[in-house]
**Q** 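Have a look at this one before I ask anything.
Below, chains carry the letters A, B, ... as their sequence lines are ordered, and counting in each starts from 1. Computed from a prediction, not measured in an experiment: that's the story for all the values here.
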There are 2 protein chains.
Amino acid sequence: MKNRLKVLRAERDWTQAQLASALEVSRQTINAIEKGKFDPSLPLAFKAARLFNLTIEEIFQDQVETV
Amino acid sequence: MKNRLKVLRAERDWTQAQLASALEVSRQTINAIEKGKFDPSLPLAFKAARLFNLTIEEIFQDQVETV
DNA sequence: TAAATATGTAAAGTTCATTTGACTTTTACT
DNA sequence: AGTAAAAGTCAAATGAACTTTACATATTTA
């Protein structure tokens, strides 16, 4: 699962800590999601979409499995 | 988190077991999600969206907190 | 260059998504 | 009414999301 969080953050000049606080998660959670360590929960994805005024699909992109 | 899985299933005349198999999860998982016991993971939500050819937002609706 | 801020990472613990297996209840059909 | 399929539910187990604490590295700024 790829995501555009780092770019969206950069566009607004936000730190990971600021985004974390806006989404009410820890800074490490934001870091881990940006670095692809794990995927956010669906509720957290919705919260991010609301925050950035985008759809979930505009922020998170499912990897289409190329078999 | 509300969702339209039951309706989408009914429109296609699918059982919970059939949807489960299409999404490669257990029947109990579909049942629990439909009954609102828990939210699906983001990857599972993407898979459902792909299956129904809808966006995540068209299937799952975040409860806006009315404080 | 030193200090401050931002980012990356790791371990241990908690909570929740998901599985398996089994059982009960509901719905539909004969 | 009897049967079969579908839906609902429960308990125990596993794994993944997320937290806290703590430290290391990188980047910015005084």
**Q** Report the distance from atom CD1 of A:I30 to atom C1' of C:dA6, rounded to the nearest whole Å.
**A** 14 Å
**Q** Which nucleotide, D:dG8, C:dA17, D:dC18, lies nearest any side-chain atom of B:D39?
**A**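 Nucleotide nearest to B:D39's side chain: C:dA17.
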**Q** Can you tell me how far CD of B:Q18 sits from CG of B:D13, rounded to the nearest 0.5 angstrom?
**A**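 B:D13 atom CG to B:Q18 atom CD measures 8.0 Å (nearest 0.5 Å).
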**Q** What I want to check is whether an N or O donor and acceptor connect the side chain of A:E34 with the base of C:dG8 at under 3.5 Å.
**A** no
**Q** Starting at CD of B:Q16 and ending at C1' of D:dA6, how long is that distance when rounded to a whole Å?
**A**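 Atom-to-atom, B:Q16 to D:dA6, this comes out as 8 Å.
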**Q** Minimum heavy-atom separation for B:W14 to B:F52, with atom names?
**A** CZ3-CE2, 3.7 Å
**Q** Would you say the side chain of B:T55 lies within less than 4.5 Å of the side chain of A:T55, judging by non-hydrogen atoms?
**A**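 Of all side-chain heavy-atom pairs linking B:T55 with A:T55, none is under 4.5 Å.
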**Q** Nearest to the side chain of A:K6, heavy atoms from C-beta on, is which of C:dT18, C:dT9, C:dG8?
**A** C:dG8
**Q** With a 4.0 Å cut-off on heavy atoms, is B:S41 in touch with a base, just the backbone sugar-phosphate, or nothing at all?
**A**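 Sugar-phosphate: the residue B:S41, judged by heavy atoms under 4.0 Å, touches backbone atoms but no base.
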**Q** Just checking A:E24: base, sugar-phosphate only, or nothing, at a heavy-atom cut-off of under 4.0 Å?
**A**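 If one applies the 4.0 Å heavy-atom cut-off, A:E24 turns out to touch the sugar-phosphate alone, with no base involved.
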**Q** I need the CG-P distance between A:L19 and C:dT7, as an integer number of Å.
**A**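 About 10 Å, once rounded to whole Å.
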**Q** Could a donor-acceptor pair under 3.5 angstrom be found where the side chain of B:R27 meets the base of C:dG21?
**A** no
**Q** Of the listed nucleotides (D:dC18, C:dT9, C:dT18), which one gets closest to any side-chain atom of A:L44?
**A** D:dC18
**Q** Return the nearest nucleotide to the side chain of B:Q28; candidates are D:dC18, C:dT9, C:dG21.
**A**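 Selected nucleotide (nearest to the side chain): C:dG21.
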**Q** Rounded to whole angstrom units, what separation is found between the CD1 atom of A:I33 and the P atom of D:dT19?
**A**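 From A:I33 CD1 to D:dT19 P: 9 Å.
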**Q** Could you check how far NZ of A:K37 sits from P of D:dT19, rounded to whole Å?
**A** 15 Å
**Q** Looking at A:T29, does any N or O in its side chain come under 4.0 Å of the phosphate oxygens OP1/OP2 on D:dC18?
**A** no
**Q** When you measure from the side chain of B:N3 to the backbone N and O of B:I33, does any donor-acceptor pair fall under 3.5 Å?
**A**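 Here the side-chain-to-backbone pair exists.
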**Q** Using whole Å, what does the distance between atom C1' of nucleotide D:dC18 and atom NZ of A:K47 come to?
**A** 13 Å
**Q** Over how many whole Å does the gap from A:N31 atom CG to C:dA6 atom P extend?
**A** 14 Å
**Q** By the 4.0 Å heavy-atom rule, please label B:T15 as base, sugar-phosphate, or nothing.
**A** sugar-phosphate
**Q** Using whole Å, what does the distance between atom C1' of nucleotide C:dC16 and atom CZ of B:F38 come to?
**A** 9 Å
**Q** Working to the nearest 0.5 angstrom, can you tell me the gap between A:L23 CG and A:I30 CD1?
**A**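 Going from CG on A:L23 over to CD1 on A:I30, the span is 5.0 Å.
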